[in-house]
Structures are given as structure tokens and as C-alpha cells.
Amino acid sequence: MAGTDLFLDVGAGEGFFSGCHLRRTDGRVVAFESDASRVAVLKDNVDRNSAPRGERWTFAGDHRRGDHAIVSLDAIATRREDSVLLKIDAPGDEVGLLTGAAKILDDEETRVLIRLYGREHQAACMSLLDEHGFSVELVGPAWWRPFVPDLSHQESACWLVAEKRPFEMRLS
């Protein structure tokens, strides 16, 4: 999150990532949450856990528009930012959201974090990100889960992490 000028938090839930970004950076946050029962908690948590935010935080509503059409993230992020972190936690909508973020994904300073629920959309997400020049890595369940319960944990879920620079690996 460090050094990110714009954080697009799609599927913001209770606001953990949004509040953390506001507290640790000077960047802007645009949050989306489709579950109406979570919106009040999201707003309250961001207010409680972030430094004075002024105009840096926007709740953009539901990432779905109209009859289940998905919002174009390119239309939301119209102001030129130096670096963007796009987080998607929207089961079933990952591919549509990435498709509507083509300009954002073309930027060299964009990083992407997607929570995938099963393998249904994994190949399509990876292919779209590859077309935009990203290196992609899948991150499995965290080692600490047996010791620190995670209420949002699902065995079938994993995170997809993507950035323009190749991942550095040491093979031996």
C-alpha cells in the first residue's frame, strides 16, 4: 500500500483495507460495497480508524449498476494518479471489473489484488492481466489461520497478486 496514490477498494466489506490505506498513506480511496448491510459499518470503521481524511475518501456505492451491469472502474478513476492499487473482492464479478479497468491496467504503476473464490474465474483474470503486462502470483491460505481465526476465510478462496515488474525468485 505504501506509495499508492489511489486505492480502488471493490468489495470493501467492513473497511479494513480502506481504513488501513487512509491511515498509512496520503493517497485517495474510492470504496465500493454491494452488501447494503455492511455500508454503515464500513463508513463507521473508516471514520474510527483513519487519520483526518478530508476529501481523500469516497464511498462510490455498489460496484454493480442497474440490472447487474458492472461499473466501469476507468470511468470512476478519471483523475490521473501516479500509482493505483486495485483490490477486488467481488465473487463472480472479477472478470467484468477487470474488463472495465483497461486504462487503469495499462498504467505501469498499477498493482492488483483479487480475492478469488474457487478456480472458476482464475484463468480469465490471469489472462486479462497478462494481456496488460502483469506478472501474476497466486497466494494460498495464510500459515497463521490455525492460530488466529479469520472469520472471512474460505478454504476455496485465494488471492491473486499482480504487478508490472516480474516477481523475483531464487530457485536454489
Side-chain angles (χ1 to χ4, degrees), residues 1-2 4-25 27-50 56-65 68-77 81 83-102 104-105 110-129 132 134-145 148-163:
M1 279 195 291
T4 301
D5 297 307
L6 174 63
F7 177 45
L8 295 172
D9 191 359
V10 182
E14 291 84 17
F16 175 79
F17 288 105
S18 290
C20 189
H21 184 83
L22 287 167
R23 180 177 282 204
R24 295 176 184 252
T25 75
R28 292 187 317 123
V29 172
V30 178
F32 300 83
E33 180 50 55
S34 61
D35 183 346
S37 68
R38 293 175 138 186
V39 173
V41 175
L42 163 66
K43 291 177 178 179
D44 186 50
N45 283 338
V46 169
D47 285 340
R48 289 174 185 256
N49 293 297
S50 62
R56 294 190 319 124
W57 186 73
T58 304
F59 174 68
D62 191 343
H63 70 274
R64 293 172 176 247
R65 298 286 192 250
H68 298 289
I70 297 171
V71 69
S72 166
L73 294 173
D74 282 338
I76 299 296
E81 307 288 347
S83 61
V84 175
L85 174 57
L86 170 59
K87 184 214 109 198
I88 298 174
D89 187 354
D93 295 335
E94 305 91 346
V95 176
L97 288 161
L98 286 175
T99 301
I104 294 168
L105 296 177
T110 295
R111 292 171 288 164
V112 179
L113 178 64
I114 302 173
R115 186 172 185 186
L116 295 169
Y117 295 82
R119 299 191 183 270
E120 182 179 352
H121 302 284
Q122 179 179 323
C125 287
M126 292 176 84
S127 177
L128 271 168
L129 291 166
H132 290 277
F134 283 89
S135 294
V136 179
E137 181 177 326
L138 291 173
V139 180
W143 63 268
W144 66 82
R145 288 222 164 84
V148 181
D150 177 356
L151 298 178
S152 68
H153 174 67
Q154 294 177 338
E155 286 296 322
S156 62
C158 68
W159 288 93
L160 183 149
V161 180
E163 65 179 337

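Because only heavy atoms are used, hydrogens play no part in the values below, and waters and symmetry mates are left out as well, while side chains stay in. For this chain, numbers begin at 1 and follow the sequence in order.
Taken from CG in Leu105 to CG in Leu129, the straight-line distance is 6.0 Å, to the nearest 0.5 Å. To the nearest 0.5 Å, the span separating CD1 on Ile104 from CG on Leu86 amounts to 6.5 Å. Atoms CE and CG, on Met126 and Leu98 in that order, are 12.0 Å from each other to the nearest 0.5 Å. Note that CG of Asp93 and NE2 of His121 are 8.0 Å apart. Values are rounded to the nearest 0.5 Å. Rounding to the nearest 0.5 angstrom, the gap separating the CG atom in Leu97 from the CG atom in Leu128 is 11.0 Å.
Closest non-hydrogen pair, Arg115 versus Glu94, comes out as O-OE2, 3.7 Å. Shown here for Ser72 and Gly100, the closest heavy-atom pair between the two residues is OG-O, 3.3 Å. The two atoms that bring Gly15 and Val46 nearest to each other are O-CG2, 4.3 Å, heavy atoms only. Of all non-hydrogen atoms in Asp74 and Ala102, the two that sit nearest each other are OD2-N, 3.0 Å. Residues Thr4 and Phe7 share a closest heavy-atom pair of CG2-N, 4.3 Å.
With Arg64 contributing its side chain and Ser34 its backbone, the two residues share no donor-acceptor pair below 3.5 Å. Here the side chain of Ser83 pairs a donor or acceptor atom with the backbone of Asp5 at under 3.5 angstrom.
For the pair Phe59/Val29, no side-chain contact is recorded, criterion being any heavy-atom separation below 4.5 Å from C-beta on. Put simply, the side chain of Thr99 does not reach to within 4.5 Å of the side chain of Ile70, judged on heavy atoms. You'll find the side chain of Cys125 reaches within 4.5 Å of the side chain of Val95, heavy atoms only. Lys87 places a side-chain heavy atom less than 4.5 Å from the side chain of Trp159. The shortest distance between side-chain heavy atoms of His21 and Trp57 does not fall below 4.5 Å. By the 4.5 Å heavy-atom criterion applied to side chains, Phe16 and Asn45 are not counted as neighbours.
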Please lay out, stage by stage, how Gln122 and Leu138 fare under the test side chain to side chain contact (heavy atoms under 4.5 Å, CB included).
CA-CA 9 Å; Gln122 179 179 323; Leu138 291 173; 2.9 Å; yes

Step by step, work out the side chain to side chain contact (heavy atoms under 4.5 Å, CB included) result for Val161 and Phe134.
CA-CA 9 Å; Val161 180; Phe134 283 89; over 6 Å; no

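A search for side chain to side chain donor-acceptor pair (under 3.5 Å) contacts involving His132 returns Asp106, not counting sequence neighbours.
Among Val71, Ile88, Leu42, the single residue meeting the side chain to side chain contact (heavy atoms under 4.5 Å, CB included) criterion with Phe32 is Val71.
Residues Arg28 and Thr58 bring no donor and acceptor atom of their side chains to less than 3.5 Å of each other.
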